[in-house]
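What follows is a single structure, written as structure tokens, with notes after it.
Chain A is the first sequence line, chain B the second, and so forth, proteins listed ahead of strands; every chain is numbered from 1. Predicted model only: the values in this text are computed from it and were never measured.
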There are 2 protein chains.
Amino acid sequence: MTENDKQTEEKIFEAATDVFIEKGMDGARMQDIADHAGINKSLLHYYYRTKDHLFNAVFEKIAGQMFKKFAPVLDENLSLEDKIRFFIREHIAFMQKNPRLPSFILNEIHRNPERIRKLIQSIDINKLWTTLEAQHKEELKRYNITKENLPQFMTTVAGMSVFPFAAKPIIASIMEKMGYNFDEYIEERKEYAADFIINAIKK
Amino acid sequence: MTENDKQTEEKIFEAATDVFIEKGMDGARMQDIADHAGINKSLLHYYYRTKDHLFNAVFEKIAGQMFKKFAPVLDENLSLEDKIRFFIREHIAFMQKNPRLPSFILNEIHRNPERIRKLIQSIDINKLWTTLEAQHKEELKRYNITKENLPQFMTTVAGMSVFPFAAKPIIASIMEKMGYNFDEYIEERKEYAADFIINAIKK
DNA sequence: AAATAGTTTAACCAGATGGTCAAAAGTAAA
DNA sequence: TTTACTTTTGACCATCTGGTTAAACTATTT
């Protein structure tokens with residue numbers, strides 16, 4: 001009941017994750033997911049009633065993984081500068097292992113903005129700012145990061161690490177033409193992005 | 001023959017552009033495009049034989065528009081710093097008018113990387129670098145921009161302007177929660193992004 | 001071993017989808 | 001008006017797609 005069950009349900013979930021990430025909700029086919037999981041299509045509907053249910057389960061988990069990467073940074077006992085370095089390095093490393101995730105999420109939030117809206121409404125941004133300020137009051141002042149321009153700063157940091165993966169086919173083509181490859185570019189980016197950001201705020 | 005013809009073909013093309021941008025290739029329906037154009041579905045196939053043909057025509061034009069925004073910057077008689085400001089301002093302004101384009105292109109290049117690969121293979125990157133170096137040799141040296149780290153720099157600049165639109169539903173939700181809205185954020189970004197980049201390279 | 005409950009399968013279905021086709025409607029020249 | 005041509009339409013089709021159902025299979029309990 002539990003042993004084989006979990007196996008099947010997990011097999012389905014993993015297959016669905018792979019297929020949805022590669023093809024997106026619209027491009028994915030239930031038959032394709034069943035084939036990847038090595039089971040009958042009806043079993044999909046047995047465990048997850050509809051394509052929508054299955055997709056939501058997959059998306060929720062993936063989005064969670066992605067956003068949880070942001071949280072622990074705040075707890076680390078590091079200078080703001082080192083936190084930025086730490087975040088960029090870890091975030092890029094995570095995406096190196098899951099290179100299609102950024103494009104998948106970025107696309108699906110446009111198909112259904114309401115889902116991400118609810119997720120964000122549940123975050124206490126004031127508290128987040130208070131925590132940040134308590135830990136780095138002087139640094140924030142010195143770097144001219146205020147509550148008002150925090151979204152600009154945070155989207156800049158996020159963009160520095162996410163954009164290369166979102167635009168991977170373009171960047172990979174460019175690198176290829178210059179005799180390098182995308183992986184080298186990404187390895188370099190860990191340092192380049194962090195340096196760039198820190199230079200910018202140090203002005 | 002030519003007058004009404006062009007009108008119909010254009011109506012189809014425009015309707016297809018709207019629908020493809022909003023739903024993507026997989027999510028778009030030929031019937032939906034026909035309805036938007038106010039014509040019979042068969043007419044779509046009369047002018048553009050298949051969905052694929054129609055999509056390619058649309059994508060080619062859109063991608064062209066997007067990338068052409070990069071070119072004229074090189075010709076302007078401005079300092080490198082002003083070119084960066086000019087590019088960011090113009091590029092963001094263009095996307096303000098077409099906010100779904102970035103996400104559309106970013107998504108479709110993953111569905112068919114070969115198309116963008118061919119487009120980029122046709123660009124002469126060496127010549128681009130030579131031109132840039134001829135115009136801004138000293139500035140490039142002073143800002144430590146080399147041929148080797150140019151991709152890092154260019155993707156950073158592109159990311160600064162593109163990422164906010166690619167992640168619009170997330171950013172819009174955050175701004176909403178903070179009592180602002182996305183449009184204000186974007187207006188601010190024109191200056192913030194340019195300042196950020198210039199501060200970073202001035203170090 | 002029989003009963004019970006959960007799991008897996010094959011066959012099937014209704015609606016959607018991209019695409020075809022022949023005929024009708026429109027247009028311009030002879 | 002007739003002829004020749006292009007444009008537009010409605011009816012139609014094969015295939016695909018998400019989803020259902022009833023029966024077969026498996027394992028556990030009594």
Side-chain angles (χ1 to χ4, degrees), chain A residues 1-62 104 107-108 110-112 114-115, chain B residues 1-62 104 107-108 110-112 114-115:
Chain A
M1 177 185 121
T2 37
E3 194 52 35
N4 211 307
D5 212 25
K6 273 265 170 64
Q7 269 179 15
T8 307
E9 198 167 337
E10 254 169 48
K11 258 197 308 186
I12 292 176
F13 191 86
E14 279 162 28
T17 303
D18 290 349
V19 174
F20 277 133
I21 285 180
E22 206 191 303
K23 310 265 189 174
M25 166 66 168
D26 288 332
R29 297 290 158 242
M30 291 300 265
Q31 186 60 60
D32 197 14
I33 294 172
D35 292 346
H36 268 68
I39 50 138
N40 192 285
K41 182 163 69 95
S42 303
L43 256 194
L44 297 183
H45 294 285
Y46 179 72
Y47 283 100
Y48 303 84
R49 270 218 307 289
T50 64
K51 188 186 183 184
D52 243 48
H53 278 70
L54 182 51
F55 178 82
N56 285 337
V58 168
F59 184 86
E60 226 99 300
K61 185 170 181 190
I62 288 179
F104 169 72
N107 192 52
E108 295 300 335
H110 277 92
R111 230 181 29 89
N112 183 357
E114 215 31 54
R115 179 173 22 214
Chain B
M1 175 182 120
T2 37
E3 193 53 33
N4 211 307
D5 210 27
K6 272 266 169 63
Q7 270 179 13
T8 308
E9 198 167 338
E10 253 169 49
K11 259 197 307 185
I12 292 176
F13 191 86
E14 278 162 29
T17 302
D18 290 348
V19 174
F20 277 133
I21 285 180
E22 207 191 303
K23 310 265 188 175
M25 165 67 167
D26 288 332
R29 298 289 158 243
M30 292 298 267
Q31 186 60 59
D32 197 17
I33 294 172
D35 291 346
H36 268 70
I39 50 138
N40 192 287
K41 184 164 69 92
S42 304
L43 256 195
L44 297 184
H45 294 284
Y46 178 73
Y47 284 100
Y48 302 85
R49 269 215 312 288
T50 64
K51 190 185 182 185
D52 242 50
H53 278 72
L54 182 51
F55 178 82
N56 285 337
V58 168
F59 184 87
E60 225 99 300
K61 186 172 179 189
I62 288 179
F104 169 73
N107 192 51
E108 295 300 337
H110 277 92
R111 230 182 30 86
N112 183 356
E114 215 30 55
R115 180 173 22 212

Practice prompt. Select one nucleotide: of C/dT8, C/dG18, D/dG18, the one nearest the side-chain heavy atoms of B/K51.
Written response: C/dG18

Item to complete: Starting from the C-alpha separation in whole Å, work towards a yes-or-no answer on side chain to side chain contact (heavy atoms under 4.5 Å, CB included) for B/R29 and B/K23.
Response: CA-CA 9 Å; B/R29 298 289 158 243; B/K23 310 265 188 175; over 6 Å; no

Discussion item. At less than 3.5 Å, do the side-chain atoms of B/S42 and the base atoms of D/dG10 form a donor-acceptor pair?
Written reply: yes

Discussion item. Quick check: do A/Y47 and A/F13 have side-chain heavy atoms less than 4.5 Å from each other?
Written reply: no

Worksheet item: Is B/Y46 near enough to C/dC21 that one of its side-chain N or O atoms lies under 4.0 angstrom from OP1 or OP2?
Response: no

Discussion item. Whole angstroms only, please: what is the CD1-P distance between A/I39 and C/dG6?
Written reply: 19 Å

Worksheet item: Cationic tip of B/R115 within the cone over B/F55's six-membered ring, i.e. under 6.0 Å and within 45° of the normal?
Response: no

Practice prompt. Answer with yes or no whether B/T8 presents, from its side chain, a donor or acceptor under 3.5 Å of a partner atom in the base of D/dT8.
Written response: no

Worksheet item: For A/Y47 and D/dG19, what is the distance between atoms OH and P respectively, to the nearest whole Å?
Response: 18 Å

Practice prompt. Could you state the atom-to-atom distance from NE2 of A/H45 to P of C/dC12 in whole Å?
Written response: 18 Å

Practice prompt. Return no unless some side-chain N or O of B/R29 is found under 4.0 Å from OP1 or OP2 of C/dA16.
Written response: no

Practice prompt. Begin with the C-alpha distance, continue with both residues' side-chain angles, and end with the deciding distance and a verdict on side chain to side chain contact (heavy atoms under 4.5 Å, CB included) for B/T17 and B/K61.
Written response: CA-CA 9 Å; B/T17 302; B/K61 186 172 179 189; over 6 Å; no

Item to complete: For B/F20 and B/F104, run ring-ring contact (aromatic ring centres under 6.0 Å, His included): C-alpha distance rounded to whole Å, both residues' side-chain angles, the deciding distance at 0.1 Å, then the answer.
Response: CA-CA 8 Å; B/F20 277 133; B/F104 169 73; 7.5 Å; no

Worksheet item: For the pair made of CG in A/D26 and C1' in D/dC16, what is the distance, rounded to whole Å?
Response: 15 Å

Worksheet item: Contact class for A/A28 vs. all strands (heavy atom < 4.0 Å): base, sugar-phosphate, or nothing?
Response: sugar-phosphate

Worksheet, complete the sentence: When rounded to whole Å, the CG to C1' distance for the pair A/D32 and D/dC16 reads 13 Å

Worksheet entry | Integer-rounded Å distance: C/dG19 C1' and B/I12 CD1 | 15 Å

Practice prompt. Give the rounded distance in Å between these two atoms: CE of A/M30 and P of C/dC12.
Written response: 21 Å

Discussion item. Is it the case that the base of C/dG18 and the side chain of B/K41 share a donor-acceptor contact (distance under 3.5 Å, atom types as modelled)?
Written reply: yes

Discussion item. Using OP1 and OP2 only, check whether a side-chain N or O of B/N40 sits under 4.0 Å from D/dG10.
Written reply: yes

Worksheet item: In whole angstroms, how far is the C1' atom of D/dG18 from the NE2 atom of A/H53?
Response: 14 Å

